[in-house]
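Accompanying notes for the structure given below.
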Amino acid sequence: MKRKVENLINNALEKAYKNGDLLSSNFPETEVEEPKIGSQGDLSTNIAMKMAKIQKMSPRKIAEAILSNVENPDNIVAKMEIAGPGFINFFINTLAWHPFLKKIHDEDTGYGASNIGQGRRIQVEFVSANPTGPLHVGHGRGAAVGDAVANILAYCGYDVQREYYVNDSGRQIRTLGLSVFLRYRELFDQNIIFPDDCYQGEYIKDLAETIKAENGRKLLEKDEEQAVEFCARFAASTILKGIETDLADFGISFDRWYNEQSLFDSGRVDTIIRELKDKGIIYEKDGANWFRTTDYGDEKDRVVIRENGLTTYFASDIAYHKEKFERGFTRVIDVWGADHHGYIPRITASVQAAGYDKNQFNVILIQLVNLLRGGKPASMSTRSGEFVTLKNVVDEVGRDAARFIFLTRHYESPLDFDLELARKQTNENPVYYVQYVHARISSILKKGKKEKGITHVSWNEKALSGLTEPEEIQIIRQLIGYPETVKASAELMEPHRITYFLMNLASSFHSYYNKHKVLTDDPDLTEARLYLVLAVKKIIRNGLTLLGVSAPDKM
RNA sequence: GCGCCUGUAGCUCAGCUGGAUAGAGCAACGGACUUCUAAUCCGUAGGUCGGGGGUUCGAAUCCCUUCAGGCGUGCCA
């Protein structure tokens, strides 16, 4: 509809210029938007105000010139008026809204899809938690956002790959091995001191128990380094399997699990460091090797190889991100926790050093999740190991509620996640509010079939002319806005836009439902309303699908 | 100190990327089930968009400045 009105305006502009009503043909882009207040029409444009300077005329004069040249061939516009400082308001003919419903039905699951990605390859890397412990709620938020972003991008024509980067080498894995080994020795009544910097959680003890059950005291006879190495590998792979399961239960799967270790095994890390040294981007100082990240705007240079000869996490990340682009992705998106924001400049630097544009690399920084229970903080300290895991949360509140709540905020704002509230099946909990729309409509359709024998609703222009209630037009207007919402949410990588869209649509529907009956004694009206309501159902389903939330037929 | 993020109704947050009189939900108060699911709806009340400057026809939105909170600022990951 916006586009249609834009065309009317653009044609009017040209005509006005030819007539001499306008002095310049230098037209700014026509923008049409929905006024918030009903009395200001269905759509309005600010074009006259934007043109005032160029045309050297007052906005209202320009508006008049435009209005006198508007042609309205399809009788879309019922009324036009100039308002305020120079807005042109358009009142749309009720009948003109109806054809949009047909588009929704015809395109069905594809309604809202687009091709802004044009098949470009894009990678979304998310979660990527170290396999040193189970996923906690914070990872859950990253998972929900990353997955939704990937869904939305794919829906908008990108060729999306989901990847999980597994940090399976480096010091934290050794620490993991040591932690497990020490707990293992404890099981044989050996007196050990368990260091503070080891992993404290109960799961470490469980892993030790498993090793004991499978290997007896064999490890005690081994050389300690070997034993730690064994524990490390066993623990990491067991934990990773657990992570994979927890994510699957959360409805998330990856196209690829990428091992950090493989970057060393293939020699990629060595190669890239050598290349960068040759280019002078990496240099030696104080016995260590430094990357000149300051050349790319970082606040100081960063160590790649430590004085002790070991590489840092950054070294493998340089190789990793370069490799991503070599795989053919034109854009790479990393979803990180906000506590990693200090790493953005250095990774961006490495991407640029590899010859790619900094805009090809984006980081979505997920802010903290405050886990609450009845308004009071639920413990989440990693140190004591008593954090609430993602699995705990999903088991307690369910997948749909968890995912939806993670997506009710812009990812840049901290999120309060109240377990008690998420479990409630009341209107305090927005998931049910939206899902309930889908269930209610399913129920109407079922009843329509049972009592009136209506098994199929289709486009019927005559019947649809009966859809004239303000609530009905309001719903159609909202439905029409869906593709735009999806597009914006893809471009900005902000899934919460869809969440809010769905809540607003749900609100309009519930309101309508309470005021008007869909199944009436008038067959035409019933058919028209079923057609409308079915369109709502399709869009609720489409939106929830993008968010990774189910659309139940019954609740 | 420096960097990033956030300050919008009592609370939790939206605000379509500069538009007209700033919106929801919760909490409070008052109403609606012999009806397609009351997991719902209707109404009332609630605001100096942290403060101060600037940019322009027009600012919650952009710029500067200031205050407050969170996070980061390792040859840890």
Side-chain angles (χ1 to χ4, degrees), chain A residues 31 33-37 39-40 44-46 49-50 52-53 58-59 83-87 89 129-130 132 167 170-173 175 197 260 285-290 298-300 302-314 317 337-345 365 367-368 370 375 408-410 412-416 418 421 424-433 435-437 439-448 451 481 484-485 488-489 491-492 494 496-497 499-501 503-504 506-507 509-520 526 529-530 533 554-555:
Chain A
E31 283 174 56
E33 53 196 16
E34 297 172 34
K36 291 172 203 155
I37 299 159
S39 63
Q40 294 169 353
S44 78
T45 180
N46 58 0
M49 281 133 82
K50 281 169 82 178
K53 260 196 186 148
S58 81
F87 289 102
N89 295 336
N130 291 346
T132 53
N167 288 100
R171 212 179 71 171
Q172 80 282 3
I173 294 295
T175 305
D197 59 357
E260 180 187 12
K285 196 185 86 180
D286 303 334
N289 284 259
W290 302 70
D298 199 359
E299 51 188 21
K300 59 185 193 181
R302 307 293 176 176
V303 170
V304 176
I305 303 176
R306 288 180 262 166
E307 201 176 352
N308 63 12
L310 296 175
T311 54
T312 60
Y313 163 91
F314 180 38
D317 252 345
D339 53 340
H340 286 66
H341 79 252
Y343 293 83
I344 297 176
L365 274 188
Q367 289 290 331
L368 212 77
N370 291 312
T408 50
R409 298 270 178 281
H410 189 152
E412 272 177 359
S413 357
L415 169 71
D416 287 339
D418 196 311
L421 200 143
K424 276 192 198 165
Q425 303 199 340
T426 72
N427 50 7
E428 287 173 68
N429 191 340
V431 200
Y432 297 102
Y433 190 73
Q435 287 184 322
Y436 191 38
V437 172
R440 270 187 155 170
I441 296 173
S442 295
S443 172
I444 294 172
L445 294 171
K446 207 169 136 197
K447 187 166 178 186
E451 293 184 5
E484 214 173 309
T485 301
S489 127
E491 276 162 357
L492 302 165
E494 294 178 352
H496 78 282
R497 286 169 187 273
T499 314
Y500 275 90
F501 176 92
M503 292 194 287
N504 287 331
S507 170
F509 173 80
H510 286 311
S511 196
Y512 174 64
Y513 178 92
N514 272 273
K515 196 164 173 188
H516 303 286
K517 290 205 63 147
V518 172
L519 303 173
T520 65
T526 301
R529 287 186 172 171
L530 280 170
V533 142
K554 216 170 120 183
M555 287 172 75

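Because the structure is a prediction, the values reported are computed rather than measured. Reminder, nothing fancy here: chain letters follow the sequence lines and each chain counts from 1.
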Could you check how far OH of A:Y433 sits from P of B:rC41, rounded to whole Å?
4 Å

Under a 3.5 Å limit for both distances, which nucleotide forms a Watson-Crick or G-U wobble pair with B:rU73, could you say?
B:rG1

Distance check, C1' atoms only: B:rA60 and B:rG18, in whole angstrom units.
11 Å

Criterion side-chain hydrogen bond (donor to acceptor under 3.5 Å, both in side chains) on A:E260 and A:N167, from CA distance to verdict:
CA-CA 5 Å; A:E260 180 187 12; A:N167 288 100; 3.2 Å; yes

Ignoring backbone atoms, test whether A:S511 places a side-chain nitrogen or oxygen under 4.0 Å from the OP1 or OP2 oxygen of B:rC42.
yes

Looking for any heavy atom pair under 4.0 Å, which part of the strands does A:N46 touch: base, sugar-phosphate only, or nothing?
base

Using atom C1' in both nucleotides, what's the gap between B:rC42 and B:rG53 to the nearest angstrom?
45 Å

Integer-rounded Å distance: B:rC36 C1' and A:K447 NZ
5 Å

Write down the distance between NE2 (A:H496) and C1' (B:rU17), rounded to a whole number of angstrom.
11 Å

Students often get this wrong, so: under 4.0 angstrom with heavy atoms, is A:T485 touching a base, only sugar-phosphate, or nothing?
nothing

Verdict with reasoning, A:T45 to A:F87, per side-chain contact (heavy atoms from CB on, under 4.5 Å)
CA-CA 6 Å; A:T45 180; A:F87 289 102; over 6 Å; no

How far does the C1' atom of B:rC16 sit from the matching atom of B:rA24, given to the nearest Å?
15 Å

Using side-chain contact (heavy atoms from CB on, under 4.5 Å), reason through A:E31 and A:K50 one step at a time and then give a plain yes or no.
CA-CA 10 Å; A:E31 283 174 56; A:K50 281 169 82 178; 2.6 Å; yes

A:H510 side-chain N/O to A:S507 backbone N/O, donor-acceptor pair under 3.5 Å
no

For the pair made of CD in A:E412 and P in B:rG70, what is the distance, rounded to whole Å?
19 Å

C1' gap between B:rU40 and B:rG69, integer Å
38 Å

Step by step, would you call A:N370 with A:D418 a side-chain contact (heavy atoms from CB on, under 4.5 Å)?
CA-CA 8 Å; A:N370 291 312; A:D418 196 311; over 6 Å; no

Tell me: CG of A:D317 to C1' of B:rC76, nearest whole Å?
13 Å

Verdict with reasoning, A:Y512 to A:R529, per side-chain contact (heavy atoms from CB on, under 4.5 Å)
CA-CA 11 Å; A:Y512 174 64; A:R529 287 186 172 171; 3.2 Å; yes

Which label fits A:Y513 and A:F509: parallel for a plane angle under 30°, tilted from 30 to 60°, or perpendicular past 60°?
tilted

Are any protein N/O atoms closer than 3.5 Å to N/O atoms in nucleotides 71-74 of chain B? If there are, list each pair with its distance.
from: B:rG74; atom 1: OP2; to: A:K300; atom 2: NZ; distance (Å): 2.9
from: B:rG74; atom 1: O5'; to: A:K300; atom 2: NZ; distance (Å): 3.4

In the strands shown, is B:rA60 matched to any nucleotide by a Watson-Crick or G-U wobble pair with both distances under 3.5 Å, and which?
none

For A:A52, report the nucleic acid contact type (base, sugar-phosphate, nothing); a contact means any heavy atom under 4.0 Å.
nothing

Can a donor-acceptor pair under 3.5 Å be found between the side-chain atoms of A:S507 and the base atoms of B:rA24?
no

Just the rounded figure in Å: distance from C1' of B:rA27 to CG of A:L421.
12 Å

Would you kindly give the CG-to-C1' distance between A:D416 and B:rU12, to the nearest whole Å?
7 Å

Would you kindly compare A:E34 and A:G170 by the position of their nearest RNA chain B nucleotide and give the one closer to the 5′ end?
A:E34

Across every strand shown, the nucleotide meeting Watson-Crick or G-U wobble geometry with B:rC26 (both distances under 3.5 Å) is B:rG10

Pairwise P distance, B:rC26 and B:rG7 [rounded to whole Å]:
22 Å

Please state whether the phosphate of B:rC36, meaning OP1 or OP2, lies under 4.0 angstrom from any side-chain nitrogen or oxygen of A:R529.
no

Can you tell me, in whole Å, how much space there is between the P of B:rU56 and that of B:rC63?
16 Å

How many whole angstroms separate atom CG of A:N514 from atom C1' of B:rC36?
11 Å

Now, which nucleotide makes the Watson-Crick or G-U wobble pair with B:rA45, with each of the two distances under 3.5 Å?
none

When you compare B:rA22 with B:rU48, how far apart are their C1' atoms, in angstrom units rounded to a whole number?
13 Å

In whole Å, what separates the P atom of B:rG70 from that of B:rC75?
25 Å

Quick one: list whatever passes side chain to side chain contact (heavy atoms under 4.5 Å, CB included) with A:E484, sequence neighbours left out.
A:K2

With both distances under 3.5 angstrom, what nucleotide forms a Watson-Crick or G-U wobble pair with B:rU35?
none

Is the base of B:rA24 stacked against the aromatic ring of A:Y500, taking ring centres under 5.5 Å apart and planes under 30° as the test?
no

Considering every strand and a 4.0 Å limit on heavy-atom distances, what is the contact class for A:D286: base, sugar-phosphate, or nothing?
base

Given that A:Y512 and A:H410 both sit by RNA chain B, which one's nearest nucleotide is further toward the 5' end?
A:H410

For B:rA38 and A:R440 - does any side-chain N or O of the residue sit under 4.0 Å from the phosphate oxygens OP1/OP2?
yes

Might you list the N or O atoms of the protein lying below 3.5 Å from N or O atoms in nucleotides 54-57 of chain B, with each pair's distance?
from: B:rC57; atom 1: OP1; to: A:K53; atom 2: NZ; distance (Å): 3.4

Compare side-chain N and O positions of A:S413 against OP1 and OP2 of B:rA14 and report whether any pair is under 4.0 Å apart.
yes

